[in-house]
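Below, all heavy atoms of this structure are taken into account, side chains as well, without hydrogens, waters or symmetry copies. Proteins get letters first, then strands, A, B, ... in listed order; numbering begins at 1 in each.
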Protein chains: 2
Amino acid sequence: MIKLSDIAQKAGVSESTVSRALANSPRISAEKKKLIQRIAFDAGYKVNQVARNLRVRSTRTIGLVVPEVANPYFPRLVQLIADAAREAGYHLQLHLSGVAQDAETECLAAIREQRVDGVVLVTSERGLVARDALNEMASTGAPVVLLGWVNDAPPVDMVYGDDAAGGYLVARHITELGHRRIVVFGAAPHRGTFDRLVGFQRGLKEAGIDTDVHIPARTNEEIRLGIEYLLRMANPPTAIFAYKDSLAAMACRCLRQACVSIPDQISVAGFDNLDLGTYLCPQLTTVDLSMEQTARSAVDSLVERMKSPTTWDGPKHRLIPPQLIVRESCSHPRSTNSIGRTECPPI
Amino acid sequence: MIKLSDIAQKAGVSESTVSRALANSPRISAEKKKLIQRIAFDAGYKVNQVARNLRVRSTRTIGLVVPEVANPYFPRLVQLIADAAREAGYHLQLHLSGVAQDAETECLAAIREQRVDGVVLVTSERGLVARDALNEMASTGAPVVLLGWVNDAPPVDMVYGDDAAGGYLVARHITELGHRRIVVFGAAPHRGTFDRLVGFQRGLKEAGIDTDVHIPARTNEEIRLGIEYLLRMANPPTAIFAYKDSLAAMACRCLRQACVSIPDQISVAGFDNLDLGTYLCPQLTTVDLSMEQTARSAVDSLVERMKSPTTWDGPKHRLIPPQLIVRESCSHPRSTNSIGRTECPPI
DNA sequence: CGTGGCTTTGCAATCGATTGCACAATATGG
DNA sequence: CCATATTGTGCAATCGATTGCAAAGCCACG
């Protein structure tokens, strides 16, 4: 593998000169610069980044810690963060912390090993697992940004969606359509999804609806049972709010299997605006917490921190506003609805 | 940031001894080893990997080049490769080459800059864009494995699915169900998807079906037009084969909007076994080219090449066998079917 | 011709680890 | 008690770049 000194020899100059010429330093004369660049190019020289990184104490790499990428929620986030990172001139080291986020601590170690210049840590349903590790990093002023809400977060930058406002939007939309009997599918494993429900309740209350059925469902199986249950109710609901799209999708499937028509007999709303929702029929009404904004905010914050590690005036929190995406799965309730009593239509 | 020499000083030994103690070398006495490890741990010492990498000429990182991760096909692949890499003790640097795979060459440069020890290059519909770069790398014996078929590939290891066999399986399944009027949605942008169609044709021919309708559709819009077209046919098909699940899903949506029932009036089969297929109603019958196997093969090949860069007996190709996943979207054709003539059922 | 200023180049230190080799210390055998 | 293993430790070179500082070369001006 050809190295700097080889080029220096070929060009008959010192290594410093070659290094400066390739870095396009103004301290090298134009002709010599051209010559050296030519020689280097012809020889197929590529700088050894590892050596360079050691010297300049930076890898121009950011570490992205994500629980998993198989879950339909994360890929877009990864994509957008990767794009933003690339745009900012950084490489991306991808760490999967596992569904249980076991490996979070291990992933954070990357920054202490100088492998990466900064870290974007994405938390999920389990909240922050590597709290100790993160606390320690925060205290040394290492550039980290936390993506997703966590309770009592260590003093690092944070960006997260306004889940409560999102839930509220859904409640308003559904109640304005005229629904009064509404069921919520959702557990509250961490703050984000909890807030969705809180916001939703607030919206219901404003519309004068006090009582609602809340079914704590987090898995497909729980959704299935929940749907079965509510179809047997004496006075079944006319609308369902599922706290995330993947559950909403599953709810739709179960309803169809029970020959319940959406949105004619039941309206369904989700949350997250996954691509999935556009493949369903009817297309899913949902809430978008702009991932573009989220990703960009996160990378921007991080880049800023990495560029000037000294100037640091406390952790900043950025809140991403929600947007209601009205598609086809919610409509006015039909007063004549009689779920579960009709024959299954011959579709 | 605390470094090796600091520990050496604290422990009153030389840097070499510390280095060896931490590497658990048998040449250091047990007590001293314990002592040093203790001191290092207490001081919160973490080795500077950049320095280490420079010295040992390896980063224990593999580069994964993927067109994008937003497309539902890639995330699982990334996940599995990341898992396999981690298991093998490697970090992952993720490069997104872009839908157009423009950045492929740039991504491959990472290996020449010693940033990564090896590369898994995933090609997509555009085939291999960075042919020159890859050829050059292959000639220097750099560890690269190509994931996905490409024509006239440079001499590097390759792993790809047996698309033809997969297409054949679908054809057999559909014809065995009794379908004779079959339409294929698919273009042939690169070898893989082309082979799906070739295998499919072969299956049809074996069943004695010569004529089939082939609609070259690659986008959702093309699918929509295609569906419209075939619903207007005098003698519409009873089965549809879409060359990938995302198109099959879109086809299902269009059919539902036209009040065509699946699989009663039309059967639909896809290819790829995306998660998406299980969210649809009916769930999609499709073909699986085990991503687990693909990912593992790729990483195994790569690790082998990285471990012994010298012993190299020509490029190996590994073929991943397909598996038919029978779900709900294909059934026997109903002779009384009269697509497009009925009223839309009151779903 | 000497001096000062400016541009261009090179020397040598540095980043933080690993490792071949030499040597010291201790054990073993004759 | 000496010769020879054996074991444990340290010195110093090395990986391949970057960069502060010194100095060489050149020009112009007094």
Could you state the atom-to-atom distance from CG of Asn53(B) to C1' of dA17(C) in whole Å? 10 Å
What string of B, S and - do you get for nucleotides 5-12 of chain D 5' to 3' if you count protein non-hydrogen atoms under 4.0 Å? ---BBBBB
Heavy-atom pair with the smallest gap, counting every atom of Leu128(B) and Leu134(B): CD2-CD2, 3.7 Å
Rounded to 10°, the helix from dC1(C)-dG30(D) to dG30(C)-dC1(D) deviates from straight, judged by its five-pair end axes, by 60°
Atom-to-atom span, CD1 of Ile36(A) to P of dT8(C) - whole angstrom: 13 Å
Figure out the CG/P separation between Leu4(A) and dT14(D), and round it to whole Å. 17 Å
Would you kindly check whether a donor in the side chain of Arg52(A) faces an acceptor in the base of dT18(D), or vice versa, at under 3.5 angstrom? no
Could you walk me through whether Arg296(B) and Glu87(B) pass the salt bridge (charged side-chain N to carboxylate O under 4.0 Å, His left out) check? CA-CA 10 Å; Arg296(B) 185 152 300 282; Glu87(B) 217 170 284; 3.8 Å; yes
Is the backbone of Asn48(B) close enough, under 3.5 Å, to the side chain of Gln114(A) for a donor and an acceptor to pair up by distance? no
Tell me if a side-chain donor or acceptor on Ser19(A) pairs with a main-chain N or O of Glu15(A) at a distance below 3.5 Å. no
Is it true that Arg86(B) and Glu106(A) have a side-chain N and a carboxylate O under 4.0 angstrom from each other? yes
I need the CE-P distance between Met1(B) and dG16(C), as an integer number of Å. 10 Å
Scan residues 41-50 of chain A against DNA chain D and write down, sorted by residue number, each residue with any heavy atom closer than 4.0 Å; if none is found, say none. Tyr45(A), Val47(A), Asn48(A)
Quick one: side chain to side chain donor-acceptor pair (under 3.5 Å) partners of Asp117(B), sequence neighbours excluded? Ser58(B), Thr59(B)
Taking only residues two or more places apart in sequence or in another chain, which ones pass side chain to side chain contact (heavy atoms under 4.5 Å, CB included) with Asn135(A)? Arg131(A), Pro154(A), Pro155(A)
Which residue pairs satisfy the ring pair (Phe, Tyr, Trp, His ring centres under 6.0 Å) criterion with at least one member in residues 42-77 of chain A, sequence neighbours excluded? none
What is the separation between atom NZ on Lys3(B) and atom P on dT18(C), rounded to the nearest whole Å? 14 Å
Gap between atoms CZ and P, on Arg57(A) and dT19(D) respectively (whole Å): 12 Å
Between Val47(B) and Leu22(B), is the side chain to side chain contact (heavy atoms under 4.5 Å, CB included) condition met? List the steps. CA-CA 9 Å; Val47(B) 21; Leu22(B) 296 179; over 6 Å; no
Pair His91(B), Gln93(B): side-chain N/O donor-acceptor within cut-off below 3.5 Å: no
Interatomic distance where CD belongs to Gln114(B) and P belongs to dA17(C) [whole Å]: 20 Å
Rounded to whole angstroms, how far apart are CG on Leu54(A) and C1' on dA17(D)? 8 Å
Answer yes or no: is there an ion pair linking Glu292(B) with Arg76(B), defined by an N-O contact shorter than 4.0 Å? yes
